[in-house]
There are 2 protein chains.
Amino acid sequence: MSGKKVTLRDIAEHLGVNTSTVSRALNPKTSKMLTAEQVRRVQQAADELGYVQNTMAYALRKGRSMTIGVIIPDLMNPVFPPILKGIINYLNREGYTSIIAYCENDIELALTEIKRMRGRQVDGFILAGAFRDDASVDYCVENKIPAITVGRSIDKDLVDKIVIDNESGMQQIIEHLLELGHKEIALIAATQNISDGYERYQAYRHLLQEQGIEVKEDLIVFAQAFKHAAGQEATRELLARKVPFTAVIAANDLVALGCIEELENHGLNCPADVSVIGFNNMPYLDQFRVPLTTIEIPRLKMGEKAARLILERLNKPNMPLQHIVLEPKLLERRSTAPCKG
Amino acid sequence: MSGKKVTLRDIAEHLGVNTSTVSRALNPKTSKMLTAEQVRRVQQAADELGYVQNTMAYALRKGRSMTIGVIIPDLMNPVFPPILKGIINYLNREGYTSIIAYCENDIELALTEIKRMRGRQVDGFILAGAFRDDASVDYCVENKIPAITVGRSIDKDLVDKIVIDNESGMQQIIEHLLELGHKEIALIAATQNISDGYERYQAYRHLLQEQGIEVKEDLIVFAQAFKHAAGQEATRELLARKVPFTAVIAANDLVALGCIEELENHGLNCPADVSVIGFNNMPYLDQFRVPLTTIEIPRLKMGEKAARLILERLNKPNMPLQHIVLEPKLLERRSTAPCKG
DNA sequence: CTGAAAGCGCTAACAT
DNA sequence: ATGTTAGCGCTTTCAG
């Protein structure tokens, strides 16, 4: 009941049977080999003695650890906790455990963490912070470790992926802005080595063209990170170019918030003078000084789908490459307003 | 290089030596038994073949899994990610891995998760969401599994703990409010089964008395959760009592935000009519509609200290009970203002 | 239907 | 300084 851990052998000795009998009785897949009575006895003894299976021994024997490694770029970025929650929830329900590492957007670190986790015999990886060209994905593929990406994806078709439809997100943004009468629409794009950043940038270009609106290079600027400060800096650069604009599409909400602050520093009000749109719908955004119009993405669901997908991949190593696309949705709040011009 | 995993034996055969030699060479603690040359050869071979230690086998053999279980109430509450980050960082650096579970403030669930983790042979637990009376702590103690609490603590002196000085936090709040001239200070207290809630409530009472201010029971109300909606509800109740107040101390920032919103619904402005103070300093609070005056707590540090403490406990099972107190600090923003009365 | 025995990969006595 | 051997707790042939 207390202290020392109870093993299969303890139960076996207690009952005067062989450990293999106990093992079989406790495993639903093999318990039908035994008499129902025997199974009952064993199960009762296990309960009484407080037996908990030693996952380490199980893993060593079976070569499966029932563990999934999850790599995220940054716990502090509010996008990731819900994804993580979705993953952990689903995995737990299926008897799996997840181990988390974050890589601070550092590809070297990601690889180190992956190797470390590999030592722990993880059965597969969920990569939530991949770059378009990512050495850690290559490592997984080379070493035949099942892996999938969720959110940010890689360019090559190497692994299963869960993505959101950035094209659709950008389209909703642009339609919204157009309806409000905006014509001079600036873009604070994310770094182009990340799929979301790249895809939204591309979508911005060709969607504007489709609408017969000229894409001015001077209205495109790049944020160095998905952070508030990066948004300020990018906005400063944009303003310095002295090309007029009435709306800004930001790389994400944090960048949008930084943008708004910097606009104000230059005497520009949002949304009166400039409309600003974010991306992701981070928590409590409705409580912010300027409630941000943004794109909502189904984060919890992304996590759940990712968990489900990696397990599916584990069970069917040869199934064709999966590519799951989730729909984002525009959320109108108060950072966008009709164009005054 | 690819596919199959490389074991100690592979290296041994490759080099024509015994596995134990390889084992010794790769372990810094035992490598001095061998010639420097031998160690070098082994290490090189290990690198070339891409050896990664099988932690499961190691754990099985040593009876230590190099894993710490971390239980938090809710990933979505912005207080926890930084704590988690501090924990993971420190633990990784020391060669440990953490596995996370959250219990949704459900004590049954917490116990289930703890048992599950025990099956994975975790060496110890960090409990970040304990209740004052908590069955999971009892379980750990009974089964002699090292455990500590961080933040919320238990009443009994059973395990090591990291706490913040709630008394000091409340004192800073009350001093601040008094300086602003407030006399009618309401409290939206947290549930009393959580140490932070209880301690702050007690501190509120006796600190007011110390200042010669009457504690009016009608100015004390309880929030059912650390959430926005709970703050609104509590504020509604407070308002319904029709007892005048000019300041509110909230259970945490989320509750404070809810409070402010509900005050506005009743035509009361913060800080013009009522000053409101939060607790925790959640991220981006300065960007909110009403930038909240609040108490900052060293979350990252709490996590690091917790990680450090559990490892210390593992190595010195008999050291006296540790009780680490961290200092909170008032952060003045714009939700508090001089009393008009 | 159940028992005996081997072995997953590793470390730590115990040899030599 | 290195090799031999046993065994951590479990599952799984192979026997019976």
Side-chain angles (χ1 to χ4, degrees), chain A residues 4-43 45-46 49-67 95 115-123, chain B residues 3-43 45-46 49-67 95 118-123:
Chain A
K4 223 59 236 94
K5 272 159 208 158
V6 180
T7 70
L8 279 191
R9 194 154 107 206
D10 296 328
I11 302 180
E13 280 171 3
H14 180 79
L15 253 38
V17 298
N18 193 280
T19 56
S20 45
T21 302
V22 180
S23 170
R24 286 193 267 253
L26 262 24
N27 181 338
K29 299 220 181 281
T30 51
S31 62
K32 54 194 63 153
M33 301 169 119
L34 313 191
T35 47
E37 168 59 13
Q38 186 75 287
V39 172
R40 211 195 42 69
R41 278 180 68 214
V42 173
Q43 255 153 8
L49 300 179
Y51 172 75
V52 228
Q53 190 194 49
N54 185 325
T55 312
M56 300 289 158
Y58 174 92
L60 187 57
R61 176 64 232 237
K62 295 271 282 190
R64 312 182 59 189
S65 63
M66 303 300 283
T67 304
K115 285 180 184 164
R116 209 167 55 84
M117 287 184 173
R118 197 179 175 218
R120 301 190 97 92
Q121 311 304 105
V122 300
D123 297 329
Chain B
K4 227 50 243 97
K5 272 159 208 159
V6 180
T7 70
L8 279 190
R9 194 154 107 207
D10 295 330
I11 302 180
E13 280 172 3
H14 180 81
L15 252 38
V17 298
N18 193 282
T19 56
S20 46
T21 302
V22 179
S23 169
R24 288 195 266 252
L26 262 24
N27 181 339
K29 299 219 180 288
T30 51
S31 64
K32 54 194 62 150
M33 300 170 122
L34 313 188
T35 47
E37 167 60 12
Q38 185 76 285
V39 172
R40 211 195 41 69
R41 278 181 67 212
V42 173
Q43 255 152 9
L49 300 179
Y51 172 75
V52 229
Q53 190 193 51
N54 185 325
T55 312
M56 299 291 160
Y58 175 92
L60 187 57
R61 178 61 233 237
K62 296 271 280 187
R64 313 182 57 188
S65 64
M66 304 300 283
T67 305
R118 197 178 175 219
R120 301 190 97 92
Q121 312 303 107
V122 300
D123 296 330

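We name chains A, B, ... by the order of the sequence lines, and we start the count at 1 in each one.
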request  = Could you pull out the closest heavy-atom pair between Thr7(B) and Asp10(B), with the gap in Å?
outcome  = N-OD2, 2.8 Å
task = Rounded off to whole Å, could you give me the CG-to-P distance for the Leu8(A) and dG3(C) pair?
result = 13 Å
query = Rounded to the nearest 0.5 Å, what separation is found between the CD atom of Gln53(A) and the CG atom of Leu8(A)?
reply = 7.5 Å
remark   = Within residues 51-62 of chain B, those residues having any heavy atom closer than 4.0 Å to DNA chain D are Leu60(B), Arg61(B)
message = Below the 4.0 Å mark, does dT2(C) have OP1 or OP2 next to a side-chain nitrogen or oxygen of Gln38(A)?
response = yes
inquiry  = So if I take residues 10-36 of chain A and measure heavy-atom distances to DNA chain C, which residues fall below 4.0 Å?
reply    = Val17(A), Asn18(A), Ser20(A), Thr21(A), Arg24(A), Met33(A), Leu34(A), Thr35(A)
Hey, can you pull the donor-acceptor pairs under 3.5 Å for the side chains in residues 18-27 of chain B, sequence neighbours left out?
{"unit_1": "Asn18(B)", "atom_1": "OD1", "unit_2": "Ser20(B)", "atom_2": "N", "d": "2.8"}
{"unit_1": "Asn18(B)", "atom_1": "OD1", "unit_2": "Ser20(B)", "atom_2": "OG", "d": "2.8"}
{"unit_1": "Asn27(B)", "atom_1": "OD1", "unit_2": "Lys29(B)", "atom_2": "N", "d": "2.8"}

message = Can you measure Arg9(B) atom CZ to dT5(D) atom P for me and round it to whole angstrom units?
response = 14 Å
Side chain to side chain, Ile11(B) and Leu49(B), heavy atoms closer than 4.5 Å = yes
ask   = So, Arg120(B) and Thr67(A): side-chain donor and acceptor under 3.5 Å apart, yes or no?
value = yes
inquiry  = Using the rule given for side chain to side chain contact (heavy atoms under 4.5 Å, CB included), can you reason through Lys5(A) versus Tyr51(A), listing the C-alpha separation, both sets of side-chain angles and the distance that settles it, and then say yes or no?
reply    = CA-CA 8 Å; Lys5(A) 272 159 208 158; Tyr51(A) 172 75; over 6 Å; no
Ion pair Arg41(B)/Glu37(B), N-O distance below 4.0 Å = no
request  = Using atom CD of Gln121(A) as one end and atom P of dC8(C) as the other, report the distance to the nearest whole Å.
outcome  = 14 Å
task = Calculate the interatomic distance between Met66(B) atom CE and dG9(C) atom P; express it in whole Å.
result = 21 Å
request  = Please tell me if the side chains of Asn54(A) and Leu60(B) come closer than 4.5 Å, counting only heavy atoms from C-beta onward.
outcome  = yes
